[in-house]
Asker: 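The following block contains the structure, expressed as C-alpha cells.
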Amino acid sequence: MCLTDSVHNFRIWVNLWYLKFGYCDSGNHISRNTKIMKIEEFDVFVIGSGTAGQTVAEACIKGGLTVAMADYREFGGTCANRGCDPKKVLLAGTEVLEMAGHLEEKKVVTLPRLNWKKLQKFKKGFTNAVPVKTEDKLSKLGVKLYHQSPHFLDENTLSVEGKTVKAHKIVIATGYTPRELPFKGAEHLKTSDDFLNLKKMPKRLTFIGAGYVGMEFAHMAARAGAKVTVIDTGNRPLADFDTDLVDELTEYSKLMGIDFIFNATVNAVKKSKKKYQLNYEKNGKSERISTKLIFNTAGRVPALAELGLEKGNVAFDENGVKVNTYLQSTSNQNVYACGDVSNHSVPLTPLSGREGYVVSHNIIAGNTKKIDVPVVPSAVFTLPNLASVGYSEKQVKERYKNVVIKKESASDWFNAKRLNSPIYSYKILINERTDKIIGAHLLGPYAAETINLFAMAINNGMTTNDIQRTIFTYPSWGNDMKSMV
Ligand SMILES: Cc1cc2nc3c(=O)[nH]c(=O)nc-3n(C[C@H](O)[C@H](O)[C@H](O)COP(=O)(O)OP(=O)(O)OC[C@H]3O[C@@H](n4cnc5c(N)ncnc54)[C@H](O)[C@@H]3O)c2cc1C
Ligand SMILES: NC(=O)c1ccc[n+]([C@@H]2O[C@H](COP(=O)([O-])OP(=O)(O)OC[C@H]3O[C@@H](n4cnc5c(N)ncnc54)[C@H](O)[C@@H]3O)[C@@H](O)[C@H]2O)c1
C-alpha cells in the first residue's frame, strides 16, 4: 500500500483516536465535554534539518504530502552551519599560506600573514545566512517548522513545543553529536563548533583524537601559527586510511609543528588561571601537558538522546537507528532514519543526501527503493589532502588473488615541482585479471579533487586501458591519473 491510500486510513484513525481519548501533551486525560487541545497531524514529520532531513522534507512536500520538521538548533544542519562548509572557507586562508610557503625563495618574496579575525568574518558571510535561508525555503514550500526536540509518545505520536503531533511517517535525521569523554574535567573541553568560531587563534592548543576533525583542525591551527598537540588512544592518526600515506602525512605534520602523542589515555583535565592541564597515561607512566585550549575531537555518536525512542518502539544501537535496506526502522514501520544517524550510513554529507532521497522515495511510493551505495570517495582536508576510494591494500589482499599495486612518490612530477610541493604520493590497486581499478589512495595537493576521477573509474568499471585512452587537460592533476595507473 502506498502512502496516499494509507494516509487516508491514517487520518480516519487519528480522528477516531482523538474523539475517543481526547489526550493532551501533559499526559492528563480530559473529559470529552471539556475543551480538547487540538492534536496536530501530518503525513510526514522530519526530525533534523540537515542535508538528510531537508532532502526528505522537500521531496515529500513536492510529492503532495503534508510535512513538519523540528530542529533544536539553528536550521540547516552540521555541514552548512558548523562542518564541511565553514571549515573549507577557513581552510582557504591556510591554503594560501601553505602554497606561498613552498614557493618562498622560488617565486614569492614576502610571505602572506593570516588575519584570523578577518577570515572569521569572511566565513560568517557564508554561515550567518544559512539558518534564515533554510527556514525561509522550507516555510515557503509549506513545511511546518518546530524549534525544539520532539520526543515519542507512542509509535506514531510525538510531543513537541508542548503540542501533541501525530504523523503517519516519522523520519529521524538527527545526525551526530560529539562523543562525551568520561574523565574528570571533561566539561572544560571545547568542540569542533568552538574551533570553527575561534575569535583568536591561541598560541598553544590540543586536540584529543586524531581522526578527520582533529587532523584537519590541527593542520589549520598549525598553519595559523599555533603550537599544536594531538593525542590519541590509537597508534596512528586516521585509522581508516592507507597506512603508508598516513605515515607520510604524520611525518610532514610534525615538520609543520604538530606534536603527536599516540597510545595514550587522557584521564583528567584541570583548569588553572589562564590555561588547562591535561593529564594522560602512556606506557604505564603519568604525564601532563599545559595548553591554552583543549578540543574534544575523539569522534561523534548518533544524536538520539532526547527522542524517547523506547516509547516509539524504535530500535537503536551505538551505530544509530537500526534500519533495513529501505532505511525503515527494523522495529517500527512508521519510522525511517537517514543520514549520519541511521546505522547504515557512512557519516559524510553526500551519503546523507542520498539516504534522504531513498527515504522520501519509499515514503511517497511505498518501499520500492533499497539503499545502494556505490564506492564512496573520502578526503581529509589536511594540507596536503589525503584521499581514498575503493578497497585498501589490506582488503584487496584478502579478496583478490592477483593484484597490481602501483605505489610511488610523485614529488618529482611536473605538477608537484611547479608548486615546489614536497609531498605527492599515491597507491593504486588494480585487479590483474580484469585490469580494473579497485582502490586508489592519494596524498598531495588537490588530492580531494583527483580522487573523484578514480571514484568514477571504479564505479564505471574502467580498466587502466580506458583511462590511458581518455584525453585529459594538460598540465593538470587529473592527467596524472594516467601515469599513476
Ligand atoms: C567539523 C566537521 C567537518 C565535517 N566535514 C565534512 C566534509 O568535509 N565532508 C563531508 O562529507 N562531511 C563532513 N562532515 C560530516 C557532515 O557534516 C555530516 O555527515 C552531515 O552533516 C550529516 O548530515 P545529516 O543531515 O545526517 O545530519 P546533520 O547535518 O548533523 O543534521 C542533523 C540535524 O538534527 C538536529 N538534531 C539533532 N538532535 C535533534 C533533536 N533531538 N531534535 C531536533 N533536532 C535535532 C541537529 O541540530 C542538526 O541540525 C563534517 C562534520 C564535522 C562535525
Ligand atoms: N573531510 C571529511 O569528509 C570529514 C571531516 C570531518 C568529519 N567527517 C565525518 O565526521 C565523522 C567524525 O569525525 P571525527 O574526527 O570526530 O571522528 P573520527 O572517528 O574520524 O576520529 C576520532 C579519533 O579519536 C580517537 N579517539 C577516540 N576516543 C578517544 C579518546 N578517549 N582519547 C583519545 N582519542 C580518542 C580515535 O582513535 C580516532 O582517531 C567522521 O567519521 C567523518 O565521517 C568527515
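This one's a predicted model, so the numbers in the text were calculated from it and none came from an experiment.
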Asker: How far apart are the C-alpha atoms of Lys436 and Asp466, what are their side-chain angles, what is the distance that settles it, and do they pass the salt bridge (Lys or Arg N to Asp or Glu O under 4.0 Å) test?
Answerer: CA-CA 9 Å; Lys436 287 182 181 173; Asp466 293 329; over 6 Å; no

Asker: Can you name the salt bridge (charged side-chain N to carboxylate O under 4.0 Å, His left out) partners of Asp240, sequence neighbours left out?
Answerer: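 Not a single residue meets the salt bridge (charged side-chain N to carboxylate O under 4.0 Å, His left out) criterion with Asp240.
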
Asker: Is a donor on one side and an acceptor on the other found under 3.5 Å between the side chain of Lys117 and the backbone of Lys199?
Answerer: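 No: the side chain of Lys117 does not pair with the backbone of Lys199.
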
Asker: If you apply the rule side-chain contact (heavy atoms from CB on, under 4.5 Å), what do you find for Lys203 with Lys292, and how did you get there?
Answerer: CA-CA 7 Å; Lys203 282 210 173 75; Lys292 188 80 185 159; over 6 Å; no

Asker: Could you list the donor-acceptor pairs under 3.5 angstrom formed by side chains in residues 478-485, with sequence neighbours left out?
Answerer:
unit_1 : atom_1 : unit_2 : atom_2 : d
Asp480 : OD1    : Asn415 : ND2    : 3.3
Asp480 : OD2    : Asn415 : ND2    : 2.9
Asp480 : OD2    : Tyr424 : OH     : 2.6
Lys482 : NZ     : Gln468 : O      : 3.4
Lys482 : NZ     : Thr470 : O      : 2.6

Asker: With the side chain counted from C-beta on, respond yes when Leu205 and Phe217 share a heavy-atom pair under 4.5 Å apart, and no when they do not.
Answerer: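 No, side chains not in contact.
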
Asker: Heavy-atom count check: over 12 atoms from other residues, nucleotides or ligands less than 6.0 Å from Lys275 NZ?
Answerer: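 No, NZ of Lys275 has 12 or fewer neighbouring heavy atoms, counting only those of other groups under 6.0 Å.
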
Asker: So does Val375 get a backbone contact from the side chain of Asn459, meaning a donor-acceptor N/O pair under 3.5 Å?
Answerer: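 A pair under 3.5 Å: yes.
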
Asker: Quick one: CD on Glu393 to CD1 on Ile405, what's the gap to the nearest 0.5 Å?
Answerer: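 Interatomic distance, Glu393 CD to Ile405 CD1, rounded to 0.5 Å: 4.0 Å.
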
Asker: Between Thr51 and Ser352, do the side chains contain an N or O donor and an N or O acceptor separated by less than 3.5 Å?
Answerer: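 Note: Thr51 and Ser352 side chains miss the donor-acceptor criterion.
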
Asker: Going through the distances and angles, do Phe183 and Val269 end up as a side-chain contact (heavy atoms from CB on, under 4.5 Å)?
Answerer: CA-CA 8 Å; Phe183 48 78; Val269 166; 3.7 Å; yes

Asker: Under 6.0 Å from the NZ atom of Lys406, do we count more than 12 heavy atoms belonging to anything else shown?
Answerer: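 Result for NZ/Lys406: open.
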
Asker: Counting only N and O atoms by type, is there a donor-acceptor contact under 3.5 Å from the side chain of Thr297 to the main-chain atoms of Ile208?
Answerer: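 Yes.
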
Asker: Any chance the rings of Phe75 and His147 have centres within less than 6.0 Å?
Answerer: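 Ring-ring flag for Phe75/His147: true, centres closer than 6.0 Å.
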
Asker: If you measure from NE2 on His188 to CD1 on Ile294, what distance do you get to the nearest 0.5 Å?
Answerer: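 Spacing of NE2 (His188) from CD1 (Ile294) equals 9.0 Å.
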
Asker: Any non-hydrogen side-chain atom of Met220 less than 4.5 Å from a side-chain atom of Leu91?
Answerer: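 Sidechains of Leu91 and Met220: in contact.
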
Asker: When rounded to the nearest 0.5 angstrom, what distance separates NE2 in His102 from CE in Met99?
Answerer: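 Going from NE2 on His102 over to CE on Met99, the span is 8.5 Å.
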
Asker: Please round to the nearest 0.5 Å and tell me the distance separating atom OG1 of Thr464 and atom CG of Asn431.
Answerer: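 Here the interatomic distance stands at 11.0 Å.
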
Asker: Are Leu238 and Met215 close enough that some pair of their side-chain heavy atoms sits under 4.5 Å apart?
Answerer: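 Result yes, sub-4.5 Å side-chain heavy-atom pair found.
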
Asker: Between Ser345 and Glu355, does any side-chain donor sit less than 3.5 Å from a side-chain acceptor?
Answerer: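 Side chains of Ser345 and Glu355: no pair found under 3.5 Å.
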
Asker: Would you please test Val171 and Cys338 for side-chain contact (heavy atoms from CB on, under 4.5 Å) and show each step?
Answerer: CA-CA 7 Å; Val171 179; Cys338 52; 3.8 Å; yes

Asker: Can you find a heavy atom in the side chain of Asp259 that is under 4.5 Å from one in the side chain of Ile289?
Answerer: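 The answer is no; the side chains never approach within 4.5 Å.
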
Asker: Assess whether side chain to side chain donor-acceptor pair (under 3.5 Å) is satisfied between Tyr212 and Ser378, documenting all intermediate values.
Answerer: CA-CA 10 Å; Tyr212 283 84; Ser378 174; 2.5 Å; yes

Asker: Check Pro86 against Cys79 and note the closest heavy-atom contact, atom names and distance.
Answerer: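 For Pro86 and Cys79, the tightest heavy-atom pair comes out as CD-O, 3.4 Å.
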
Asker: Could you check if a side-chain atom of Pro150 sits within less than 4.5 angstrom of a side-chain atom of Tyr72, using non-hydrogen atoms only?
Answerer: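 No, too far: nothing below the 4.5 Å cut-off.
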
Asker: Other residues, nucleotides and ligands only: do more than 12 of their heavy atoms fall within 6.0 Å of NZ on Lys282?
Answerer: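 Yes, because the 6.0 Å sphere around NZ of Lys282 holds more than 12 heavy atoms from other groups.
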
Asker: Please tell me whether Tyr252 and Thr382 have a donor and an acceptor in their side chains that are separated by less than 3.5 angstrom.
Answerer: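 Checked: Tyr252/Thr382 side chains show no N/O donor-acceptor pair below 3.5 Å.
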
Asker: Name all residues meeting the ring-ring contact (aromatic ring centres under 6.0 Å, His included) criterion together with Phe454; count only those two or more places apart in sequence or in a different chain, and write none if there are none.
Answerer: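 Checked Phe454 against ring-ring contact (aromatic ring centres under 6.0 Å, His included); zero matches.
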
Asker: Any side-chain heavy-atom pair from Arg399 and Tyr391 closer than 4.5 angstrom?
Answerer: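 Yes, side chains in contact.
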
Asker: If the condition is ring-ring contact (aromatic ring centres under 6.0 Å, His included), which residues does Phe122 pass it with, not counting sequence neighbours?
Answerer: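 ring-ring contact (aromatic ring centres under 6.0 Å, His included) list for Phe122, sorted by chain: Phe126.
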
Asker: Which heavy-atom pair separates Val228 from Ala221 by the least distance, and what is that distance?
Answerer: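 The pair with the smallest heavy-atom distance is CG2-CB, 3.8 Å.
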
Asker: Does Glu95 use its side chain to pair, donor to acceptor, with the backbone of Leu90 at less than 3.5 Å?
Answerer: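 Not a single qualifying donor-acceptor pair exists.
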
Asker: Within the 3.5 Å criterion, strictly below it, is a donor on Asp194 or Thr191 matched to an acceptor on the partner's side chain?
Answerer: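 Yes, a side-chain donor-acceptor pair sits under 3.5 Å.
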
Asker: Taking the side chain as C-beta and beyond, is there a heavy-atom pair between Ile437 and Ile467 under 4.5 Å?
Answerer: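 With C-beta onward as the side chain, the pair touches.
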
Asker: Does Arg418, at its CZ atom, have more than 12 non-hydrogen atoms belonging to other residues, nucleotides or ligands within less than 6.0 Å?
Answerer: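 Counting other residues, nucleotides and ligands, CZ of Arg418 exceeds 12 neighbours.
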
Asker: Donor-acceptor pairs under 3.5 Å, side chain of residues 127-134 to any protein atom, not counting sequence neighbours: which ones?
Answerer:
unit_1 : atom_1 : unit_2 : atom_2 : d
Thr127 : OG1    : Lys123 : O      : 3.4
Thr134 : OG1    : Val130 : O      : 2.6

Asker: Work out which heavy atom in Met69 is nearest to a heavy atom in Ala57; give both atom names and the distance.
Answerer: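 Scanning both residues completely, I find the closest heavy atoms to be CE-CB, 3.7 Å.
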
Asker: OG1 of Thr206 to CG of Leu189: how many Å apart, nearest 0.5 Å?
Answerer: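 Going from OG1 on Thr206 over to CG on Leu189, the span is 10.5 Å.
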
Asker: State, to 0.1 Å, how close Leu249 and Pro384 come at their nearest heavy-atom pair, and which atoms those are.
Answerer: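 Nearest pair, atom of Leu249 first, then Pro384: CD1-O, 4.0 Å.
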
Asker: Determine the minimum heavy-atom distance between Gly390 and Ile458, stating which atoms define it.
Answerer: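 For Gly390 versus Ile458, the nearest heavy atoms are CA-CD1, 4.3 Å.
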
Asker: Counting N and O atoms only, with roles assigned by atom type, does the side chain of Arg354 sit under 3.5 Å from a partner on the main chain of Tyr357, one being a donor and the other an acceptor?
Answerer: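 No, the answer is negative, given that no donor and acceptor are paired below the 3.5 Å cut-off.
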
Asker: Less than 4.5 Å apart, side chain to side chain, heavy atoms only: is that true for His219 and Thr94?
Answerer: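 His219 does not reach Thr94 side chain to side chain.
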
Asker: Are Arg73 and Asp193 close enough for a salt bridge, meaning some N to O gap below 4.0 Å?
Answerer: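 Salt bridge present between Arg73 and Asp193.
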
Asker: How long is the straight-line distance from CG of Asn343 back to OG1 of Thr330, given to the nearest 0.5 Å?
Answerer: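 Reported value, rounded in 0.5 Å steps: 7.5 Å.
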
Asker: Hey, can you pull the donor-acceptor pairs under 3.5 Å for the side chains in residues 172-180, sequence neighbours left out?
Answerer:
unit_1 : atom_1 : unit_2 : atom_2 : d
Thr174 : OG1    : Ala303 : O      : 2.7
Arg179 : NE     : Ala298 : O      : 2.7

Asker: Would you find a donor on one side and an acceptor on the other, under 3.5 Å apart, between the side chain of Gln54 and the backbone of Ser49?
Answerer: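 Yes: the side chain of Gln54 pairs with the backbone of Ser49.
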
Asker: Quick check against the 3.5 Å criterion: does Asp242 have a side-chain atom that pairs as donor or acceptor with the backbone of His441?
Answerer: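 Flag not set: sc Asp242 to bb His441 has no pair under 3.5 Å.
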
Asker: Ignoring hydrogens and geometry, is there a side-chain-to-backbone donor-acceptor pair from Asp232 to Ala210 under 3.5 Å?
Answerer: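 Between the backbone of Ala210 and the side chain of Asp232 there is a qualifying donor-acceptor contact (under 3.5 Å).
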
Asker: Quick one: sort the Phe207 and Phe295 rings into parallel, tilted or perpendicular, breaks at 30° and 60°.
Answerer: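 The arrangement is parallel - the two ring planes meet at less than 30°.
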
Asker: Determine whether a donor-acceptor pair (N or O, by modelled atom type, separation under 3.5 Å) exists between the side chain of Arg300 and the backbone of Asp340.
Answerer: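 No; zero donor-acceptor contacts below 3.5 Å.
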
Asker: May I ask you to check whether over 12 heavy atoms, not counting those of Tyr326, lie within 6.0 Å of atom OH?
Answerer: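 Correct, the count exceeds 12.
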
Asker: What's the shortest heavy-atom distance between Ala68 and Tyr146, and which atoms?
Answerer: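 Nearest pair, atom of Ala68 first, then Tyr146: CB-CE1, 3.9 Å.
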
Asker: May I ask you to decide if the ring planes of Trp116 and Phe195 are parallel, tilted or perpendicular, using 30° and 60° as cut-offs?
Answerer: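 Taking Phe195 first and then Trp116, their aromatic rings stand perpendicular (interplane angle over 60°).
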
